[in-house]
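Worksheet: the structure to be examined is printed underneath.
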Amino acid sequence: MLKDLDTKLDDAATQAQVVGEKVINVLSRPYELAGHVYHSTPSLGITLFDGQKNSIDDLLKQADLAMYQAKAGGRSTMRFFSSEMQTVMLHRIALEADIRKGLVRREFALYFQPQVDVDSHVVGAEALLRWNHPLDGVVTPSGFIGLAEDTGLIRPLGLWVLEEGCHQLERWANDSARSHLTLAINVSAHQFNDARFVDQLLDVLARTGANPNRLKLELTESMLVSNVDEVAAKMFALKARGVGFSLDDFGTGYSSLSYLKRLPLDQLKIDQGFVRDILVDPNDAAIAKMVLALAKSMGLAVIAEGVETQAQREYLYRIGCRAYQGYLYGHPMTIADFELSTASNLAAVQAPQALLPI
Ligand code: C2E
Ligand code: MG
Ligand code: MG
């Protein structure tokens with residue numbers, strides 16, 4: 001705690017900043033421990049107070065919050081607590097409580113968006129999470145997934161998604177017109193990195209009776225950068241049971257192409273960010289072509305997401321893409337709407353193949 005700062009807030013802040021910079025400079029110097037040189041990137045949070053209007057706890061919370069902002073701001077830096085920060089924090093706390101309640105009250109639902117083949121026949125769906133909020137109506141994931149990940153709530157939420165998705169697969173398995181449909185489920189990094197993930201999914205598969213061959217997990221590149229070996233081990237364990245893998249938002253992350261070889265992937269998903277302007281932006285078109293060439297050389301399938309127009313679809317077809325998903329074929333919708341709107345457009349069910357004695 002710095003005492004005897006100037007009574008003018010601006011000047012007090014400047015004085016605190018000068019001290020803060022000194023602290024950061026000193027802590028940033030490399031230091032030696034047991035013969036190894038260590039570097040640290042300290043983050044500093046500062047809150048100014050006058051008198052005893054706030055409790056010690058509150059002040060520490062404010063400084064803590066400012067420190068997290070400093071971390072988010074790139075480390076080796078400092079931030080001052082502000083009342084806007086407080087507003088954001090209170091909003092997050094309320095939202096977190098709301099998500100917990102929503103789980104108990106069964107306010108979450110899966111929507112289904114068709115995935116089609118080269119003949120525009122529906123071959124499967126991607127499950128997309130929605131929150132039927134009692135006040136706000138249908139909320140899309142951008143409004144809550146980030147916080148759910150930060151707070152760990154993504155684990156119960158993600159488990160619910162797997163459970164619900166597998167139940168749906170099992171229902172389709174008993175419907176001769178739909179037994180061939182696959183279901184893609186998004187899995188967040190936090191969820192996949194949980195040591196219990198493989199067991200949990202196998203347990204859900206066993207309990208629901210869903211066919212693992214119809215299940216495709218969508219992973220994102222960001223989860224592969226840090227611990228490829230661990231991710232690969234989990235993927236191989238699930239792959240051995242028949243579960244498939246698609247790499248979502250491909251091309252948007254910090255791809256190290258070398259990891260692709262080490263993972264048992266089935267499909268790359270061209271991100272909608274490249275599809276949007278594929279007809280007008282040569283860079284986007286080049287990336288889409290690169291994804292297709294890469295997939296071909298590695299024996300992987302490709303699906304393009306965010307396909308909105310016939311022209312985009314034609315272009316994708318010309319460069320070799322044979323599977324599509326996007327508003328052109330259907331928005332994400334409730335299961336009732338999905339089954340109704342795709343009923344006349346399902347891919348023909350393949351006749352069961354006979355095993356011939358050799
Ligand atoms: P994503 O997996 O890349 O999903 C694609 C997003 O694009 C979805 O947004 C979908 O509604 C939207 N979309 C589909 N077709 C089109 C199109 O033609 N044009 C445009 N402009 N957009 C299209 P949504 O449903 O809001 O989901 C956003 C993200 O939230 C998803 O991105 C996924 O990363 C995440 N998410 C959704 N459901 C789950 C879930 O169950 N678990 C986890 N961990 N993440 C989820
Ligand atoms: Mg996805
Ligand atoms: Mg995507």
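Both ligands and their constituent atoms are indexed starting at 1 by order of listing.
Between the side chains of Gln325 and Gln113, at least one donor N or O lies within less than 3.5 Å of an accepting N or O.
With a heavy-atom cut-off of 4.0 Å, Arg276 does not touch ligand 1 at all. Proximity of Asp249 to ligand 1, defined as any heavy-atom pair under 4.0 Å, is confined to the side chain (atoms from C-beta onward). At a heavy-atom cutoff of 4.0 Å, ligand 1 is contacted by the side chain of Val161 but not by its backbone. Under 4.0 Å from ligand 1, the heavy atoms of Glu305 that appear belong solely to its side chain. If you look at Asp248 next to ligand 1, the close heavy atoms, those under 4.0 Å, all belong to the side chain. Neither the backbone nor the side chain of Gln325 comes within contact range of ligand 1; no heavy atom lies under 4.0 Å. Only side-chain heavy atoms of Ile145 come within less than 4.0 Å of ligand 1; its backbone N, CA, C and O stay farther off.
Here the protein heavy atom with the shortest distance to atom 7 (O) of ligand 1 is Gln272 NE2, 2.6 Å. Remark: minimum distance from atom 15 (N) of ligand 1 to any protein heavy atom is reached at Gln113 NE2, 2.9 Å. In terms of protein heavy-atom proximity, atom 28 (C) of ligand 1 is closest to Pro141 CG, 4.1 Å.
The heavy atom nearest to atom 43 (C) of ligand 1, out of those in Leu157, Val139, Asn186, is found in Asn186. Atom 10 (C) of ligand 1 has its nearest heavy-atom neighbour, among Leu110, Leu128, Leu328, Leu162, in Leu128. Of all the listed residues (Tyr327, Phe144, Tyr329), Tyr327 holds the heavy atom that lies closest to atom 17 (C) of ligand 1.
In the hydrophobic cluster analysis, where Ile, Leu, Val, Met, Phe, Trp and Tyr join through side-chain heavy atoms closer than 4.5 angstrom, Val123 is grouped apart from Val307. Linking Ile, Leu, Val, Met, Phe, Trp and Tyr residues whenever their side-chain heavy atoms come within less than 4.5 Å places Trp160 and Ile185 in a single cluster.
You'll find the side chain of Leu159 stays beyond 4.5 Å of the side chain of Pro156, heavy atoms only. Taking the side chain as every heavy atom from C-beta outward, Met235 and Leu217 never approach each other to under 4.5 Å. Side-chain contact between Leu183 and Arg214 is absent, with no heavy atoms from C-beta onward closer than 4.5 Å. With a 4.5 Å cut-off on side-chain heavy atoms, Leu9 and Leu48 count as touching. Between Glu305 and Asp271, some side-chain heavy-atom pair lies under the 4.5 Å cut-off.
Using a 4.0 Å heavy-atom cutoff, Pro332 is listed among the residues neighbouring ligand 1. At least one heavy atom of Gly306 sits closer than 4.0 Å to an atom of ligand 1. Using a 4.0 Å heavy-atom cutoff, His331 is absent from the residues neighbouring ligand 1. By the 4.0 Å heavy-atom criterion, Glu149 is excluded from the residues contacting ligand 1.
Annotation for Asp4: atom CG does not count as buried by contact number, only 12 or fewer foreign heavy atoms lying within 6.0 Å. The environment of Ile56 atom CD1 is sparse: at most 12 non-hydrogen atoms of other residues, nucleotides or ligands sit within 6.0 angstrom. More than 12 heavy atoms of other residues, nucleotides or ligands sit less than 6.0 Å from atom NE2 of His121.
In summary, the atoms of ligand 1 found under 4.0 Å from a heavy atom of Gly326, numbered by their order in the structure, are 15 (N), 18 (O). Of all the atoms in ligand 1, the ones that sit under 4.0 Å from a non-hydrogen atom of Glu308 are 17 (C), 18 (O), 19 (N), 20 (C), 21 (N). Which parts of ligand 1 touch Glu126 is read off a 4.0 Å heavy-atom cut-off, strictly below it: atoms 2 (O), 4 (O). Residue Arg130 has at least one heavy-atom neighbour below 4.0 Å for each of these atoms of ligand 1: 11 (O), 24 (P), 25 (O).
Tyr38 and His36 have perpendicular rings, their planes meeting at more than 60° on a 0 to 90° scale where under 30° would count as parallel. Taking the six-membered ring where tryptophan is involved, the planes of Trp172 and Phe112 are perpendicular, since the angle between them exceeds 60° and thus also 30°.
Annotation: cation-pi geometry not satisfied between Arg130 and Phe108 (NZ/CZ under 6.0 angstrom from ring centroid, within 45° of ring axis). With a 6.0 Å cutoff to the six-membered ring centre and a 45° limit on the axis angle, Lys234 does not count as a cation-pi contact of Phe197.
Note on the Mg ion (ligand 3): protein N/O/S atoms under 2.8 Å are Asp248 OD1, Asp249 OD1, Glu305 OE1, Glu305 OE2.
Each of Gln312, Glu314, Arg313 was evaluated against Gln310; a single residue qualifies, Glu314, per the side-chain hydrogen bond (donor to acceptor under 3.5 Å, both in side chains) test.
Residue-to-ligand polar distances place Leu129 within reach of ligand 1: an N/O pair is separated by less than 3.5 Å. The N/O atoms of Thr140, backbone and side chain alike, include none that comes under 3.5 Å of an N/O atom in ligand 1.
Under 4.0 Å is where a charged nitrogen must lie from a carboxylate oxygen, and between Arg100 and Glu96 at least one such pair does. Residues Asp194 and Arg155 are paired through a salt bridge, judged by an N-O separation under 4.0 Å between the basic side chain and the carboxylate. Between Lys216 and Glu126 there is no salt bridge, since none of the side-chain N atoms of the basic residue sits less than 4.0 Å from a carboxylate O of the acidic one.
The Mg ion (ligand 2) lies under 2.8 Å from an N, O or S atom belonging to Asn186.
Not a single protein heavy atom sits closer than 4.0 Å to atom 32 (O) of ligand 1.
For Glu126, the N, O or S atom closest to the Mg ion (ligand 2) goes by the atom name OE2.
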